Participant: 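Before anything else, here's the structure in question.
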Amino acid sequence: NAGVTQTPKFQVLKTGQSMTLQCAQDMNHNSMYWYRQDPGMGLRLIYYSASEGTTDKGEVPNGYNVSRLNKREFSLRLESAAPSQTSVYFCASSWKFGETQYFGPGTRLLVL
Amino acid sequence: TQLLEQSPQFLSIQEGENLTVYCNSSSVFSSLQWYRQEPGEGPVLLVTVVTGGEVKKLKRLTFQFGDARKDSSLHITAAQPGDTGLYLCAGRGIGANNLFFGTGTRLTVIP
C-alpha cells in the first residue's frame, strides 16, 4: 500500500516548456487535490477533483490544467512554464471531499 | 483567501525545552488541523479540532482551538530532536470544504 505517489520527484524546465506532473493513489479515495508550496506562503490549492469525472479551480489555478484520468490518477499540466511556477507541488487525496487529506512526497520544479 | 498567520516563523530550541506555536486568523473556521512536514516529504495530519475551546493531547503535544474558532495553538512539552519539522495549521471555512493552510513554523530541536 504505497498511499499517494508522485512523479517525477525533481524537474528542471526552461521557460515556455510544458510538462505533466503525475499523481496516483491506491487508497480508493474519491477526492484528489493539487497544491503548491512556496516559502512563507504555506500550501495553496491549485485544482481539486471532488470525485471521479469532476475538477474545479482552487485558489491559484492560472497557468495550470488538470485531468482526473480515473479514480486513482490525477495529473497536473503546465502548458507553458514560467519562473513564477518554480515551487514544490504536492498531490493529496481524501476518502470524501473535505475529509482528512493524505499527501504525496512532492515534486520539486525549477523553471529557468 | 482566508489568511492564517503562524508565529514564530522559525524556532530553534534545546532538547527538553517547552514551546508554543500559534496560528491566528481574522476568519472563523469550522475546524482546524495541524500537520507536521519533514524534509522531502508531504505534510502528515497530527490532529483536527472542531469545537471552540477544544483541547486535544497527543503524547507531549497539546492542541487548543480558540473559543471564537479563529485561532489555535500547539504546545510541545520537553521537546525532542524527533519533533524537528515544519508545523502547518490549516483551517476549513464555514460552509466550505477547502483547506486554507498557514505559513508554517519551522522547528529545530537541538540535541
Side-chain angles (χ1 to χ4, degrees), chain A residues 2-10 21 23-25 27 29-51 54-62 74 87-109, chain B residues 1-11 21-27 29-50 56 58 63 71-72 74 85-108:
Chain A
V4 180
T5 57
Q6 293 183 235
T7 56
K9 289 188 176 181
F10 302 95
L21 283 65
C23 173
Q25 52 89 10
M27 297 176 281
H29 284 170
N30 293 293
S31 302
M32 299 185 73
Y33 314 79
W34 276 106
Y35 292 88
R36 59 178 289 173
Q37 185 174 36
D38 302 291
M41 299 288 290
L43 283 154
R44 291 181 292 168
L45 183 65
I46 304 171
Y47 270 93
Y48 64 94
S49 171
S51 60
T54 69
T55 60
D56 285 288
K57 294 178 180 180
E59 188 183 349
V60 288
N62 291 345
F74 188 38
S87 188
V88 182
Y89 291 85
F90 288 98
C91 176
S93 70
S94 64
W95 173 241
K96 283 173 59 176
F97 185 57
E99 296 191 351
T100 299
Q101 296 181 21
Y102 296 85
F103 286 81
T107 293
R108 283 144 187 81
L109 175 65
Chain B
T1 299
Q2 297 171 289
L3 191 62
L4 278 162
E5 298 276 357
Q6 287 186 241
S7 61
Q9 190 174 358
F10 299 96
L11 186 57
V21 300
Y22 299 93
C23 174
N24 294 295
S25 176
S26 58
S27 301
F29 295 99
S30 61
S31 64
L32 195 134
Q33 299 180 329
W34 283 92
Y35 291 78
R36 181 167 67 213
Q37 184 178 13
E38 299 190 12
E41 298 183 8
V44 175
L45 180 68
L46 295 173
V47 76
T48 301
V49 286
V50 179
K56 280 193 174 179
L58 186 66
F63 305 87
D71 54 82
S72 181
L74 159 59
L86 178 67
Y87 288 82
L88 296 162
C89 64
R92 194 178 309 285
I94 303 292
N97 282 321
N98 286 357
L99 275 179
F100 293 93
F101 280 83
T103 48
T105 293
R106 190 166 297 280
L107 172 66
T108 302

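Naming convention: chains lettered A, B, ... in sequence-line order (proteins, then strands); numbering from 1 in each chain. Note that this is a predicted model, so its numbers are computed, not measured.
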Participant: Need one label for A:Y102: side chain, backbone, both or neither, based on atoms under 4.5 Å from any heavy atom in chain B.
Facilitator: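 Neither part.
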Participant: Less than 4.5 Å apart, any side-chain heavy atom of A:Q37 and any of B:L88?
Facilitator: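 With C-beta onward as the side chain, the pair touches.
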Participant: Can you tell me if B:Q33 and A:Q101 form a side-chain donor-acceptor pair at under 3.5 Å?
Facilitator: no
Participant: To the closest 0.5 Å, what do you measure between CZ (A:F103) and OH (B:Y35)?
Facilitator: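 Going from the CZ atom of A:F103 to the OH atom of B:Y35 covers 5.0 Å.
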Participant: I need the B:L86 CG to A:L43 CG distance, nearest 0.5 Å.
Facilitator: 8.5 Å
Participant: Is A:F97 in contact with chain B via its backbone, its side chain, both, or neither, using a 4.5 Å heavy-atom distance?
Facilitator: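 It is both, since atoms from each part get that close.
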Participant: Hey, what do you get for CZ (A:F90) to CD (B:E41), rounding to the nearest 0.5 Å?
Facilitator: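 The distance works out to 9.5 Å.
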Participant: Taking side chain as everything from C-beta outward and backbone as N, CA, C, O, which of these in A:R44 sits under 4.5 Å from a heavy atom of chain B? Side chain, backbone, both or neither.
Facilitator: neither
Participant: Can you tell me which portion of A:Y33 sits under 4.5 Å from chain B's heavy atoms? Options are side chain, backbone, both or neither.
Facilitator: neither
Participant: For B:L99 and A:L45, run side-chain contact (heavy atoms from CB on, under 4.5 Å): C-alpha distance rounded to whole Å, both residues' side-chain angles, the deciding distance at 0.1 Å, then the answer.
Facilitator: CA-CA 8 Å; B:L99 275 179; A:L45 183 65; over 6 Å; no
